[in-house]
Amino acid sequence: MPELPEVEQVARELREVLVGRRLDGLLHAHPDVLRYGVGLGPASFAGRSFAGIGRRGKLLLFDLGDRLVLTVHLRMTGRLSVEPSAAERPAHCHLVWALGDDEELRFSDARRFGRAQLLRRAELEADTFLRRLGPEPLDVELADMRQRLRRRRGTLKGALLDQSLVAGLGNIYVDEILHVARLHPRLVAATLREDEAVRLREAMRQILEAAIAAGGSTIRNYRRPSGELGGFQASHQVFGRAGEACRGCGGPVVKIVVVGRGTYLCPACQPKRRRKIPSMRRVRASAGKRT
DNA sequence: TCTAACCTGATC
DNA sequence: GATCAGGTTAGA
């Protein structure tokens, strides 16, 4: 469910609420959901406090001080929230920490795909998931991105979904980015030209910044820690809009399957290979509109 | 590089 | 009842 903008929103909200706050201990944990580094266990949480909260790709990083880090990956349906201890726990609440002041940090996850790990910093640095992540899409250098794409034999969409190419994009934002960049998801990644790579990188920045500013996208499950929905779904140009009119050219948005994922695009604006395309210079303007 | 698998719930 | 879902990964 959550991609970079949603995870960034979660990190920001929790940072406001949790940093500087003490962690009294772990009250409840599903054994499949929370794993521990060497020598660590449920008792390791007691007496710690939140020194900082960061994000790398779609992974949340809670700095608990004393070289201890809690990582949380929300996967598809994971959700973090801070609630009064007296409030009824949500369904599928798999992790609960006591925060003091009669509040709890809770992780709930219907599909139970999400994972948390308590690690020492040295173990975190050796963590294979973290080590395999590519650069942040908002920071990646154009030359670096081109080089990474050139090594790919598969589709452009598949490459962008691979977290080792760039870290944090998922199914929604890849489709939105490719639409703004006017690139077909099935283009062979390695064949991307300079001008196409420039458009791609610019579209990444534009879409991700707008999505972060809007608090992410809510399609079905995603909720901010505050309980609010994201706002960026209203600005989606193609995702979830099969059969509707493209906001750029008026033609129909279609849904296809690419690398096994439902994929939305406007075939007129995103031709498989170059051809005259309708003026799409102003996708940016319509991207900001509320519909 | 693709598919199946991990789980459950919502929707067709 | 069958299919699909915003993620990742083991295995073919």
Side-chain angles (χ1 to χ4, degrees), chain A residues 1-11 30-35 55-60 71-80 90-95 107-117 127-134 137 148-179 185-191 207-208 211-212 214-225 229-243 255-265:
Chain A
M1 120 213 212
E3 305 178 30
L4 188 155
E6 291 77 34
V7 178
E8 177 63 26
Q9 180 67 34
V10 171
H30 189 295
D32 293 347
V33 176
L34 177 57
R35 305 288 173 78
R55 175 193 62 75
R56 179 73 177 90
K58 300 169 191 168
L59 189 70
L60 287 159
T71 70
V72 177
H73 198 303
L74 304 172
R75 294 283 187 101
M76 296 283 268
T77 51
R79 174 165 181 231
L80 284 163
H92 310 292
C93 185
H94 303 308
L95 301 173
F107 173 78
S108 55
D109 184 6
R111 293 177 77 173
R112 218 191 309 136
F113 285 173
R115 288 291 177 269
Q117 288 185 285
D127 184 83
T128 55
F129 178 81
L130 209 45
R131 294 189 67 150
R132 285 181 189 146
L133 292 180
R148 288 163 178 276
L149 287 168
R150 269 197 291 263
R151 291 196 288 257
R152 292 293 176 144
R153 267 194 293 130
T155 61
L156 181 56
K157 173 151 183 174
L160 294 174
L161 285 173
D162 185 335
Q163 303 296 294
S164 70
L165 191 297
V166 128
L169 302 183
N171 209 33
I172 294 176
Y173 292 103
V174 167
D175 284 4
E176 292 298 312
I177 287 165
L178 290 177
H179 181 260
R186 284 199 183 119
L187 286 177
V188 175
T191 67
I207 290 290
L208 293 176
I212 289 169
S217 301
T218 298
I219 299 299
R220 30 186 350 150
N221 303 301
Y222 172 69
R223 291 292 178 96
R224 295 163 51 170
L229 304 178
F232 193 65
Q233 61 282 0
S235 301
H236 287 178
Q237 299 293 299
V238 288
F239 192 87
R241 299 190 64 242
K255 183 182 184 185
I256 63 176
V257 175
V258 182
V259 291
R261 313 293 302 275
T263 297
Y264 300 87
L265 74 152

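Per chain, numbering begins at 1; letters A, B, ... match sequence-line order. None of these values were measured; they are calculated from a predicted model.
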Ile256(A) side chain near Arg186(A) side chain, heavy-atom distance below 4.5 Å:
yes
Could you tell me the separation between the CG atom of Leu187(A) and the NZ atom of Lys157(A), rounded to the nearest 0.5 Å?
13.0 Å
Arg261(A) has an atom CZ; how far is it from atom C1' of dT3(C), in whole Å?
15 Å
Between Lys255(A) and dA5(C), is there a side-chain N or O to OP1/OP2 distance below 4.0 Å?
yes
Are any protein N/O atoms closer than 3.5 Å to N/O atoms in nucleotides 4-7 of chain B? If there are, list each pair with its distance.
unit_1 : atom_1 : unit_2    : atom_2 : d
dC7(B) : O2     : Arg111(A) : NE     : 2.8
dC7(B) : N3     : Arg111(A) : NE     : 3.4
dC7(B) : N3     : Arg111(A) : NH2    : 3.1

What is the distance from CG of Asp162(A) to P of dT8(C), rounded to the nearest Å?
10 Å
Taking only the side-chain nitrogens and oxygens of His73(A), find out if one of them lies under 4.0 Å from OP1 or OP2 of dG7(C).
no
Euclidean distance for P, dG1(C) against dC7(B) (whole angstrom):
22 Å
Do the ring centers of His73(A) and Phe129(A) come within less than 6.0 Å of each other?
yes
Test item: Leu156(A) and Leu149(A) side chains (from C-beta on) under 4.5 Å apart, heavy atoms:
yes
Pairs counted as Watson-Crick or G-U wobble with both distances under 3.5 Å: what dot-bracket string results for DNA chain C, using | for bases tied to another strand?
|||||.||||||
Without hydrogens or angle criteria, can the side chains of Glu3(A) and Tyr222(A) be said to hold a donor-acceptor pair below 3.5 Å?
no
Taking ring-ring contact (aromatic ring centres under 6.0 Å, His included) as the definition, give me every residue that meets it alongside His92(A), ordered by chain and number, with sequence neighbours left out.
none
How many Å lie between CD on Gln163(A) and P on dG7(C), as a whole number?
8 Å
Can you check the Phe129(A) CZ to dA10(C) P distance for me, whole Å?
12 Å
In whole angstrom, give the distance that lies between atom CZ of Arg56(A) and atom P of dT8(C).
12 Å
Atom of Ala190(A), atom of Arg150(A) and distance for their closest heavy-atom approach
CB-O, 3.4 Å
Closest non-hydrogen atom pair, Arg224(A) against Leu229(A):
CD-O, 3.7 Å
Is there a side-chain contact between Phe232(A) and Pro5(A) (heavy atoms, below 4.5 Å)?
no
Which whole-number value in Å describes the distance from Tyr222(A) OH to dG7(C) C1'?
16 Å
Check the distance between dA5(C)'s C1' and Gln233(A)'s CD and give it to me in whole angstrom.
16 Å
Could you tell me the separation between the NZ atom of Lys157(A) and the P atom of dT1(B), rounded to a whole number of Å?
16 Å
